[in-house]
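Before any comments, here is the structure.
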Amino acid sequence: MSAAPDHKPTFADLSLSDRIGKAAPYLLIPVLVVLGFLAIGSTSSWLTLTVSGLAMGMMIFIMASGLTLVFGLMDIINFGHGAFISVGAFVGITVLIWLGGWTGAPSLVLNVAAVLLAVVAAMCVTGALGWGFERVIVRPVYGAHLKQILVTVGGLIVIEQLIHVVWGPEEIFLNRPETLKGAITFAGAAIERYRLLAVAVGLVLFIAMRLVLRRTRIGLIVRAGVQNGEMVEALGYRLRLVFIGVFIAGSALAGLGGVMWGLYQEVITAGMGEEMMILVFIVVIIGGLGSVEGAFIGALLVGLLQNYIAFLEPKLALISNIGLMTAVLMWRPQGMMPVVKAK
Amino acid sequence: MLTRLLSGDKPRSTVLTVLLLVILVALALAPFLFPGVRSLETAARICIFIVLVASYDLLLGYTGIVSFAHTMFFGLGAYGVALSSVHMGRGWGALLTGTVAGALAAAVLALVIGLFSLRVRAIFFAMITLAVASAVAVLVSQLSGLTGGEDGLNYQIPRELTPAFRLGELFGVRVNGKVLNYYLVFGACLVLFLLLLRIVNSPFGRVLQAIRENDFRAEAIGYRVVWYRVTATCLSAAVAAIAGSLFAIWLRYVGPDTTLSFEIMLDILLMVVIGGMGTMYGAVLGATIFVLAQNYLQSLMGVASEATQGLPLIPDLLDPNRWLLWLGVLFILSVYFFPTGIVGRLRSGR
Amino acid sequence: MSDPILTLKGVHTDIAQYHILQGVDLEVPRGQVTMLLGRNGVGKTTTLRTIIGHWQAKSGEIAFDGAAITDIPTPARARAGIGFVPEDMGIFTDLTVEENMILAAASGPLDKARLDWIFAAFPPLKTFWRSEAGNLSGGQKQMLSIARAMAEERKLYLIDEPTKGLAPAIVSTMAGALRDLKRQGASVLLVEQNFSVAKALGDTAAVMDDGRVVWTGAMAELAASAELQERLMGLSMEAH
Amino acid sequence: MTRTLLETDGLTVRFGGHVAVDAVTCAFSAGQLTAIVGPNGAGKTTYFNLISGQIAATAGTVRLMGEDVTRTSVAERCRKGLGRAFQLTSLFPDLSVLENVRLVIQAHQRKGFGLFSMADSHVELTTRAMAVLDRVRLDTLKDQNVSELSHGNQRKLEVAMLIALDPMVYMFDEPTAGMSVDEAPVVLDLIAELKHDTDRTILLVEHKMDVIRTLADRIIVLHNGALAADGDPATVMASDVVQEAYMGRELTDV
Amino acid sequence: EIRIAHVYGKTGALEAYAEQSHIGLMLGLEYATGGTMEIDGEPIVVIEKDTQLKPDVGKAVLAEAYGDDDAHIAVGPVSSGVALAMLPVAEEYERLLIVEPAVADSITGANWNRYIFRTGRNSSQDAIANAVALGGDGVTVATLAQDYAFGRDGVAAFKTALEATGATLAHEEYVPTDTTDFTAAAERIFNAMGDIEGEKKLFIIWAGGGNPMSKINAMDPSRFGIEIATGGNILAALTAYKELPGMEGATYYYYEIPDNDVNDWLVTEHMERHGTPPDFFTAGGMAAGIAIVEAIKKAGTYEDTEALIEAMEGMEWDGPKGPMMFRAEDHQALQTMYHFVTEVQDGKDYGVPVLVRELGIEDMDIPINN
Ligand SMILES: Nc1ncnc2c1ncn2[C@@H]1O[C@H](COP(=O)(O)OP(=O)(O)OP(=O)(O)O)[C@@H](O)[C@H]1O
Ligand SMILES: Nc1ncnc2c1ncn2[C@@H]1O[C@H](COP(=O)(O)OP(=O)(O)OP(=O)(O)O)[C@@H](O)[C@H]1O
Ligand SMILES: [Mg+2]
Ligand SMILES: [Mg+2]
């Protein structure tokens, strides 16, 4: 075969601002923390607020992680995610109540084991629920956003009602496992123990998701499949299986988020997941669709900013999230580090 | 003549024509066909939601813009009437001032939001509207001195529009101010609907459809896309606000839950989709069916639950308190069975 | 001669309410380039899409490499060894060129040698390896689409109008690449409007009209006969 | 000398570090058909995009009939007489063929903001649209949904929409790509006809040499984003750049 | 036949409360009629209407109850917003509406009309009772409330009553209604209270989810010598009180506290029929049921609204919460409240409120605002 004639497009150097642009979102967090310090003044308050804000961000990230997959990557607007969070919480908390002996004992090992079991149970149930949800509710509406909103809201209502049928209409109050209660105090700052657990879980999850999405083709297949599913199939991939798999994973992560959130709130209601949905959507959108890193940074920003603002000017706390979203979108209409382009 | 009234947009399906006629007649004669507080309430609500949904469809179905702020505009109209009635006192002038002010405020707000955010991606607009709408909801709750906060406002409307104003009997039905009020709502809604029908079938309407299909090309053949989008947004907002004013006149109460809540936004979405996006007639069917379901599903379930007494499990699921469950199922099924909406279904003849 | 790699027998395909393919009979011989020709809108693209499974045949049979594939899903057809270059190129515009190619090699990592061969035919792909595919020029997208099909060895390539938008220099390297494929033993079913390309590449030809194959024979025979061309494709001499 | 309708002066665009169009200075005068050739990725479409405003220039100016339009929007340039057909077909898929063309004519006549008249009452729009469809032989498909058209017919409609726009500057980007051998001449004849109107100018990106030979009055060559040659067809075609970078060897040689 | 419409949010977020309220109402009617469900031979019929927790629906179904079903008296609803929308309907139809258990002050305040009676406590009553329970010389109090009318009004009422007890209010903290993270609020409160000497209390007024108590407690307020205090709640919510033994507050009902015959009957019957003790809203519903029967008996009619109003103004009766009285001026029922302290008891997985002292009607000065 002949070689094609040479073709050498002209390349000039990248400008400095282009280079900084890529790293900018990562820099936001340290910048915010420093600004927070300057504004707050008192070191102990600042430390308390910063650590608990980061931990809150982690919990939000855990809940948003599933949505990054389902909404960010697969482009499915799934309000059912909120219901999965609730179901996860109910299942997990039920397990914890059964394991009352383990949670009541002042042993970290037993406590964490109980939480782990609860998480596994919750993830299994929500994963299975996600599977059914995908098959019955979501499948006919791939690619149609409005219909997705409607059917998944329908699904959300149905699942919430079923929670009422199974667990009754009352909210369930619970107490955290013994060793996760209370706070650790140092340097005048008090940090809830449970938040430290949340930080650990969030970090592990973040790293695991990054690895899976970087090392495998799954992310690529999903992104390509959303754009042109026919072509992905013509390349030999069973797109349906991949989609179902990712959807199940997203739902299971919602279950994990539910358990974590339920344990934080210490009271669970059927509507608890739904209440978090807007916040979770905001995180995924400001992070940039499909980006685990973006959602992570976004969640941390939300957590920190919420705390700082609530401390400095409580009146503004009402709109801190919305203000953050608007600001980020004005700066980057596609979110901070988009992997998928928004339509 | 009729064609002109409908702006040349005929139903194009016999069943659809019949359905529309039935709805029209039923609404026009509601006080006499279905006497009773409940049914008049339902009829008025149907009228108002038809207009509200149609105005949303102008945005969503015809222009392809997803907005979550439609209830905000609806609320602006409602609060306009409420505030003017509270502050100017009971009277027609207050109603008119409130309506006009609400519609203007809605249009101006829509203009600002639109100019600010319609230049970029659709999702950006959707999120900004969501943000602004929730900010407004927060504001309404915070300014409780002015807006009554979460509790809302009660106020009085001209006596001629209340049950206290008695006019005598017609066809064995007591005609009072409430009936007059109903006809005010009905007439205004009819006019607004025909106006919207005209707009979507005008050259302007066609451009909106082109923009929905391919804004890139629309721009390339010389349409200033942003202007069209902004105009559509403003029109839709103004009409929604007027619908809100009518709602306020009818209800004599406004509160965040009745006008601003996200739940109503979802209801509107569902009505648009069930009826059929991108056709004004879809709004009529969608609103009628949904409002009926919302109002009578519970009673219906009560009956069904009685009837199935003795069977296992079924009466539990049919318990009227579980009506939300079935509403959820309705959400799902309607999207399932009417992917192109009822109108699309009827028109394609299948 | 060995049995054909692909056979279509009486294939009918509907798109929505339209009856588009009305009994297509077609054979693609092994190791040859078969041209599928015809006017606009006669159903060439629909035929290819029916073979890969994007449209489901309503009736008739499709056999590939000795096995019926009429009822199996698209991914299975692809994995059986069919590569596909769609008419609209089917580029994943949000992905980079590299990611497009990674996906194209469905059964494993990209083969280095094969990649070099592809780069030789389509140099811009190397230059823009890490760029977003959506930003490529029209011709570059076309190259990527072809390159994707060639990323792995396939038994049969279905290629829909590959030369549209390609500069002459690239057209000839592409033609060379297709000959290489043939040399490796693969078969090609090629839809092409550029008659000189068809003439230069085709071994056999099938001409479609109105949802049917109306003529089959050697490409040389069609190329030689102005009368045939005129009758089958409305080609008149001066337009050419 | 004939009037210059369109000029670009040092027109440049960079994507990150990649200079896709590199200081192109060129003028196009009325009554002329200029073919723009060059290898794939040379920057032809990008050059078009800069002229019509789809992307913003990094440097340089675009002048339309003497007026600087570098900062004006796409729609504005179109209204000033710049018409463009796209390499990758860009239509209104869910509307009928007729409606697609009618929308163009409506835009041309500035009737888009008619809010309260009925669209169907503007008979003259329909008549004109039908006339255009007639010319490209799409009249029989006028009620077809555009998404249902075959690729070739979509290409024809793309051209029809440009013709309906009746601009001062026509810009065709590979109008015949994907058109069958018997259909392409219809479009090419149309372009030839447009040349009779000596008030206008035509820019044509095309890879088919025979087409260029028959239609072009002038050829400019873009290579790696820069203007590599400019002149009458015979000279340019014979030049080394063109032979080497663009033509490769003729197919039959391989 | 006497038609009583129970118009309340059967479905929606407050479903659990609604159910309690209805059970209570029915028990109240039953108790007051001696189990016959008849008054002077007229049978009582209860019609149920669901407001779905939406004010517009509430309005419509109340109108339906009065207009189409011809109900003589209506009872409900759970949510204040719905109640406020319903008030004018009663006036329009000139029929009685007994508000239970919606708490907004303005129901018997600014938005009141003469057809409105309320058996439930209003938020001032709650706030004042708590102020009386918590206050005292040398005590410093900070408040944490939701940032909307309900929270601010509550704090205002609390503040006035607190000052009368000699205590000082050092800091008012308001947070958005849907707050989930209380770190910042707690820090602000700690900063404001840290340096103050003496007894320090943080009073939390909270409606709905969010559970600020446990979260603030987890931040160890005892470091600064701050004690948490809050009002009563439904049984399920008392789970959160278990972590706070010794916490004080005032409540209007906990089934073991009121010592009277009505409550004894209620507890026994409820345990028997439902297997659980009666809760917050059961008691409220029952009080409303008894009030209706007493009023009809007293007026001798159920159709003449004017006569009923006259009978009810100033009427005194006994409910499960103790003696009650409709104040003539604003038709608000005055009632006993209970100062409690939380205890952890064996066999109960929640913190048990134990009576410290009864706050009689005369101990609390509830302002008249209509
Ligand atoms: N999605 C569709 N819906 C309805 N009709 C369609 C659709 N796609 C194609 N058709 C019709 O099917 C017929 C065959 O189309 P096809 O694309 O197979 O033609 P083709 O031979 O590839 O033409 P071309 O050379 O123009 O690409 C055409 O008449 C076309 O209008
Ligand atoms: N938006 C963009 N971002 C980054 N690079 C771009 C963008 N648009 C075009 N390019 C690059 O600019 C170069 C020129 O592209 P252009 O589309 O102008 O080529 P062309 O001459 O029209 O080629 P063809 O004949 O293949 O259509 C290509 O290498 C392309 O990758
Ligand atoms: Mg084709
Ligand atoms: Mg190009």
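Sequence lines set the chain letters: A, B, ... in the order given, protein chains first and strands last, and positions in each chain run from 1. Owing to the predicted nature of the structure, the values given are computational and were not obtained by experimental measurement.
Of residues 145-153 of chain D, those residues with a non-hydrogen atom less than 4.5 Å from any non-hydrogen atom of chain C are, in numerical order, D/Glu148, D/Ser150, D/His151, D/Gly152.
Among all heavy-atom pairs drawn from D/Lys44 and D/Pro39, the shortest one is NZ-O, 2.9 Å.
Although no hydrogens or angles enter the test, the distance criterion places no donor-acceptor pair under 3.5 Å between the side chain of C/Arg49 and the main chain of C/Trp55.
Note: D/Tyr47 and D/Phe28 have tilted aromatic rings, judged against thresholds of 30 and 60 degrees for the angle between ring planes.
If you run side chain to side chain contact (heavy atoms under 4.5 Å, CB included) between C/Leu8 and each of C/Val28, C/Leu21, C/Ile51, only C/Ile51 comes through.
With sequence neighbours excluded, no residue forms a ring-ring contact (aromatic ring centres under 6.0 Å, His included) with C/Tyr157.
Counting heavy atoms from C-beta outward, C/Lys44 and C/Gln193 have side chains that approach closer than 4.5 Å.
The choice from C/Lys164, C/Met89, C/Glu192 that makes the most heavy-atom pairs within less than 4.5 Å of chain D is C/Lys164.
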